[in-house]
Student: 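Please find one structure pasted underneath; my questions will follow.
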Amino acid sequence: MQLYKNQQLKVHNSLSGKKEPFEPINEGHIGMYVCGPTVYSNVHLGNCRTFMSFDMIFRYFKHLGYKVRYVRNITDAGHLENDADEGEDKIAKKAKLEQIEPMEVVQRYTVDFHNTLQQFNFLPPSIEPTATGHIIEQIEIIKEIIDNGFAYEINGSVYFDVIKFNETNDYGKLSGRKLEDMIANTRELTAQSEKRNPQDFALWKKAEPQHIMRWPSPWGDGFPGWHLECTAMSTKYLGETFDIHGGGMDLKFPHHECEIAQSEASSGKSPVKYWLHANMLTLNGKKMSKSTGNNIYPSEIITGENDILSKAYSASVVRFFMMQAHYTSILDLSDEALLASEKGYYRLMDGMDNVSKLNTGASSDFDVKSWLQKCYDAMNDDFNTPILISQLFEAVKHINLIKEGKESITEADKTLLQNTMTTFVHEILGIENQAAAEDNSQTLSGVVELLIGLRNEARSNKDFATSDKIRDELIALGIQLKDGKDGTTFSLK
RNA sequence: GGCAUCGUGGCCGAGUGGCUAGGCACAGCUCUGCAAAAGCUUGUACAGCGGUUCGAAUCCGCUCGAUGCCUCCA
């Protein structure tokens with residue numbers, strides 16, 4: 001189904017700073033590149049949020065019927081610790097620290113990355129290329145940039161000539177910076193640099209003898225600069241110009257700015273039609289930082305083994321929490337906020353469980369069709385998941401009213417409602433019903449039904465001590481009884 | 001210091017020149033043996049100070065504060 005023909009999507013393009021109608025370069029097809037993690041430590045919760053935003057975007061594109069090629073790289077080499085001069089590879093540093101091979105570091109944290117994303121119900125990207133697997137492609141781009149006169153070699157290293165580039169192109173157009181300002185604000189460099197100008201960045205760095213990760217090149221043994229891999233891999237798999245490039249806000253400068261420069265300097269074309277940037281996640285109102293202890297890992301939230309939160313929260317709740325904020329807004333994670341989201345999450349899940357049980361009638365008090373379009377309108381407005389969720393709660397309200405017999409719904413509307421809820425919650429937001437998936441087994445419901453029966457017996461005998469005991473001890477086990485007009489049901493908390 | 005994003009009711013979080021976000025919490029009511037669950041009702045908020053306008057929380061300026069990048073940190 002090519003839904004995209006009927007839904008006009010708008011996206012916030014960081015390049016223009018405006019919301020623009022989304023029109024892919026090739027009709028029906030989308031190329032999307034997202035900067036993936038550097039696998040030198042456990043994946044950070046803030047990274048998870050960024051990737052989750054793009055996972056949702058990927059899901060929505062697919063839902064609209066686009067054929068999407070989603071490329072998310074793994075950075076397993078090449079990122080220097082700083083851009084100045086004498087940098088060390090983050091991975092090489094970690095390898096030294098742990099006394100293992102660099103590729104062991106890479107393997108360990110790539111596995112952690114995949115495991116974590118799986119817990120949060122991520123869809124795998126179409127291609128997940130690695131930097132070390134594309135050294136040749138990176139070297140080829142450097143050659144092109146040198147041939148076009150925008151890079152120079154010194155002592156086995158190659159640098160991008162930003163000032164030269166800025167004469168014919170606009171360096172800083174993405175991040176709103178002006179080269180003159182950057183030059184004026186440059187600080188004194190402590191180490192002497194072989195770069196012509198401090199703004200220049202490395203395309204290829206010569207490997208010192210002790211450097212473990214190294215590859216041969218026309219300029220001697222070395223390793224690629226930190227912005228080059230994304231240019232090489234996005235060009236290889238998506239072409240010189242593609243639709244969407246995403247990443248965290250923190251990558252806007254210099255990383256994405258340099259990517260634009262590299263592409264324009266090699267192919268002569270601006271690489272990306274729409275730049276999308278996901279905003280940061282803070283913890284208790286402050287930035288996350290390992291050094292101050294204001295930091296939490298995804299696994300620590302799920303297990304509850306941390307000093308920051310009062311309890312454990314399921315991956316589904318965390319995902320729901322993140323989807324309640326717009327991807328371009330800073331989101332603050334706190335115990336209070338998670339607690340509130342958890343309750344809302346269960347309310348939504350209960351609502352979804354109840355749809356199938358609704359009795360149908362001759363007419364509908366709930367205009368499902370116009371509600372459905374409101375859901376699309378929310379997503380079409382730059383993937384506004386908070387508004388979508390508010391619409392989902394609107395539906396929950398009607399579901400509950402129908403359940404209580406205060407409103408009615410036709411069979412056709414009920415089916416449409418059920419399908420739409422499933423589509424938006426599970427397929428697009430990627431939120432699962434964790435409790436139901438985990439242990440809502442036949443045996444359990446049989447046992448609880450039995451207890452409900454015993455409790456009702458006690459109640460009709462006015463033996464409230466017994467009936468309350470059953471109710472209270474079940475709630476202590478996480479099973480909530482719900483007394484309604486048509487008897488008692490239960491749900492897991 | 002520069003650039004960027006932002007500052008919304010008790011909390012989280014949308015929106016944006018005049019008209020309802022939503023969730024959680026709180027209160028009242030309905031329901032109940034009492035509760036819980038569910039439903040209904042209520043909240044007139046938009047950092048501060050100026051300016052533009054018939055009208056601004058929404059536009060402009062300044063101030064303060066937060067977060068990100070520029071510098072190791074996601």
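As the structure is a computational prediction, the values presented were derived from the model and not from experiment. A, B, ... follow the sequence lines: proteins, then strands. Residue 1 opens every chain.
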Student: Checking all strands, does A:F393 fall into the base, sugar-phosphate, or nothing category for heavy-atom contacts under 4.0 angstrom?
Tutor: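 Touches sugar-phosphate only.
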Student: Select base, sugar-phosphate, or nothing to describe what A:N400 touches, counting heavy atoms under 4.0 Å on all strands.
Tutor: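 Counting heavy atoms under 4.0 Å across all strands, the contact made by A:N400 is with sugar-phosphate only.
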Student: Check every strand shown and say whether A:L401 touches a base, only sugar-phosphate, or nothing at a heavy-atom separation below 4.0 Å.
Tutor: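 Touches sugar-phosphate only.
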Student: Taking the side chain of A:E404 as its heavy atoms from C-beta onward, which of B:A14, B:G39, B:G23 lies nearest to it?
Tutor: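 The answer is B:G39.
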Student: Identify which one of A:Y327, A:Y70, A:F113 satisfies the ring-ring contact (aromatic ring centres under 6.0 Å, His included) criterion when paired with A:F51.
Tutor: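 For A:F51, the ring-ring contact (aromatic ring centres under 6.0 Å, His included) test succeeds with only one of A:Y327, A:Y70, A:F113, which is A:F113.
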Student: Assuming nearest nucleotide by heavy-atom distance, tell me which of A:K406 and A:L283 is located more 5' along RNA chain B.
Tutor: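 So the residue in question is A:K406.
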Student: Salt bridge between A:K403 and A:D350, side-chain N to carboxylate O under 4.0 Å?
Tutor: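 Judged by the 4.0 Å cut-off on N to carboxylate O distance, A:K403 and A:D350 do not form a salt bridge.
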Student: When you measure from the centre of the six-membered ring of A:F122, is the NZ or CZ of A:R319 closer than 6.0 Å and no more than 45° off the axis?
Tutor: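 Verdict for A:F122: a cation-pi partner in A:R319.
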Student: Kindly say whether, by distance alone, the side chain of A:D483 makes a donor-acceptor pair under 3.5 Å with the base of B:A35?
Tutor: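 Yes.
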Student: Which residue lies toward the 5' end of RNA chain B, A:G344 or A:G46, if each is placed at its nearest nucleotide?
Tutor: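 Mapping each residue to its closest nucleotide by heavy atoms, the 5'-most match is A:G344.
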Student: Check A:R59 with A:D55, please: is the shortest side-chain N to carboxylate O separation under 4.0 Å?
Tutor: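 A:R59 and A:D55: salt-bridged.
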Student: A:N384 side chain to A:M379 main-chain N or O, any donor-acceptor pair under 3.5 Å?
Tutor: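 Between the backbone of A:M379 and the side chain of A:N384 there is no qualifying donor-acceptor contact (under 3.5 Å).
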Student: Out of B:A37, B:G68, B:C40, which nucleotide sits closest to the side chain of A:K287?
Tutor: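 Nearest nucleotide to the side chain: B:G68.
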Student: Which dot-bracket string fits RNA chain B when only Watson-Crick or G-U wobble pairs with both atom distances under 3.5 Å count, crossing pairs get [ ], and | stands for a partner on a different strand?
Tutor: (((((((..(((.....[...)))..((((.......)))).....(((((..]....))))))))))))....
Student: Report yes if a donor N or O on one partner sits less than 3.5 Å from an acceptor N or O on the other, where the partners are the side chain of A:R471 and the base of B:A36; otherwise report no.
Tutor: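 Such a pair does not exist between side chain and base.
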Student: Using the C1' atoms only, state how far B:G51 lies from B:G68, rounded to an integer number of Å.
Tutor: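 It comes out at 30 Å once rounded to the nearest Å.
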